[in-house]
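Right, one structure below, let's go through it.
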Protein chains: 2
Amino acid sequence: MLPAFERGFMDTLQDGKMRYYWDRVRHHGARYAKFHWPSVEVILNLVYTYDVALNHFAKRMSKIGLSPSAFNVLMILSRHDEKSCKQRDLSKLMLVSRANITGLVDSLAKRGLISRAPDKTDRRVCIVRMAKKGERLLEQFLPSHYEEMRRILSNLTPAEEKTLTALLSKLRSLFWQQKKEGRP
Amino acid sequence: MLPAFERGFMDTLQDGKMRYYWDRVRHHGARYAKFHWPSVEVILNLVYTYDVALNHFAKRMSKIGLSPSAFNVLMILSRHDEKSCKQRDLSKLMLVSRANITGLVDSLAKRGLISRAPDKTDRRVCIVRMAKKGERLLEQFLPSHYEEMRRILSNLTPAEEKTLTALLSKLRSLFWQQKKEGRP
DNA sequence: TATTGTTATACTCTATAACTATA
DNA sequence: TATAGTTATAGAGTATAACAATA
């Protein structure tokens, strides 16, 4: 995220500047036989749009002292039965190694937002459970979070939302497909 | 990126597991008045698709020893006249603070991929210039990079590409719009 | 005074390897 | 042997503040 004191340029970027720069991208790429502007344009838009959306929501989360990952942990717990989850499963759902989950859980536990206890049937596993404090924090944040999402997205028509979801999903599947074929 | 030795789960995630978890997201959200699944679904797809795409291309870049940011610097230089650019402009184009550009430029200069020289008319500014070694590295990578993009995206029809670009662009503009209104 | 780049610091996120304790 | 979690380490990436040189 660009620091606050240098953000003036962003206003320029979204209008003229970005088109100007993307023109350069297109002209530079034209030197390569396999360069295909419509494809590149899709990827550029994916990256920039993700960036803008992430920054928007990350900024809101940071106001309640949560990083996107920390928020993600709380949401996963909240959605699970008994509001608890094995660290192993957290690791798999968040596509992050177990080693990194340890640190993340540590910091959330230190703040009293979650608790950690050994599983009774398999003493290797740790069960992470939402604490009252974490629950309250989520309950305080989620209504405005969902409202904000809805407010921004409401400028897309239902048909546009549906199309965008379908196309993103299709695009993602194309990458997955490549990975699968790479490991026969 | 998930470490190699734990990647087996990813195959599961793409098919059944993701739908299962997203069902939980939808049902959990239903408790909130402003929760609007189609909107949330768009954002989830944006985030996951970005993640998959980034990992795909980042892995290819890491094979020639470049991080996405480092690659970005080289591309920006390559597209500029004289293959050079002020650090100030790099900072603005990459939406990153000047302090961070210093380190990024340092590491690329140390590897001999770029060079840094003071501007002759304004001695405050540093001009970063592509070095022969950096140029060769890009020339070696770009053909297959563009080919790979085209190959994957070729599974979208021209109409789908056009629609996806337009919708992502529109979605991004909605976030920008919010930001603008936030600073009247 | 404002701008450019630098230094210093810190925090988040991630990857890897080696270790332990269980199973 | 395989799995769950931990520790230790390293490297990106980013945010912030304070500073020097220059305009």
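Quick note on labels: first sequence line is chain A, next is B, and so on, each numbered from 1.
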(message) Is the phosphate of C:dT14 approached by A:S97 (side-chain N or O, under 4.0 Å from OP1 or OP2)?
(response) no
(message) From CE of B:M94 over to P of D:dA12, roughly how many Å is that when rounded to an integer?
(response) 14 Å
(request) Check whether any side-chain N or O of A:S67 sits under 4.0 Å from OP1 or OP2 of C:dT12, and answer yes or no. (result) no
(request) Flag the pair B:Y48 / A:F175 as yes when their ring centroid distance falls below 6.0 Å, and as no otherwise. (result) no
(message) Quick check on C:dT3: is either OP1 or OP2 less than 4.0 Å from any side-chain nitrogen or oxygen of B:R124?
(response) no
(message) Quick check on D:dT22: is either OP1 or OP2 less than 4.0 Å from any side-chain nitrogen or oxygen of B:R123?
(response) yes
(message) If you assign each of B:T102 and A:L104 to its closest nucleotide in DNA chain C, which residue comes earlier from the 5' end?
(response) B:T102
(message) Output the rounded distance in Å from CZ (A:R88) to P (C:dA23).
(response) 15 Å
(request) Quick one: label B:T121 by what it contacts on the DNA or RNA (base, sugar-phosphate, nothing), any heavy atom closer than 4.0 Å. (result) sugar-phosphate
(request) Determine the sole option in A:E139, A:H145, A:E147 for which the side-chain hydrogen bond (donor to acceptor under 3.5 Å, both in side chains) test with B:Y32 is passed. (result) A:E139
(message) With nearest nucleotide decided by heavy atoms, which residue, A:D122 or B:D122, maps closer to the 5′ end of DNA chain D?
(response) A:D122
(request) Would you indicate what B:N100 reaches in the nucleic acid, counting non-hydrogen atoms under 4.0 angstrom: base, sugar-phosphate, or nothing? (result) base
(message) Measuring from the side chain of B:A99 (C-beta onward, heavy atoms only), which nucleotide among C:dA8, D:dG13, C:dT4 has the closest atom?
(response) C:dA8
(request) Rounded off to whole Å, could you give me the CG-to-C1' distance for the B:L54 and D:dA12 pair? (result) 12 Å
(request) Let me know, please, whether A:K120 or B:I101 comes out on the 5' side of the other along DNA chain C by nearest nucleotide. (result) B:I101
(request) Specify the separation, in whole Å, of atom CG of A:D106 and atom C1' of D:dA8. (result) 13 Å
(message) Is the distance from the ring center of B:F141 to that of B:F71 below 6.0 Å?
(response) yes
(request) Nearest whole angstrom, please: distance from the P of C:dT3 to the CG of B:L90. (result) 19 Å
(message) Taking side-chain hydrogen bond (donor to acceptor under 3.5 Å, both in side chains) as the criterion, tell me which of A:E148, A:E161, A:R150 meets it with B:S39.
(response) A:E161
(request) In whole angstrom, give the distance that lies between atom CG of A:D119 and atom P of D:dT3. (result) 17 Å
(request) Mind calculating the distance between CD (A:Q87) and C1' (D:dT3) to the nearest angstrom? (result) 14 Å
(request) Starting from the 5' end of DNA chain D, give me the residue, A:G103 or A:V125, whose nearest nucleotide shows up first. (result) A:V125
(request) Measure the distance from CG on B:D89 to C1' on C:dT4 and round it to the nearest whole Å. (result) 11 Å
(message) With no hydrogens and no angle check, just 3.5 Å: does a side-chain donor-acceptor pair link A:S69 and A:N72?
(response) no
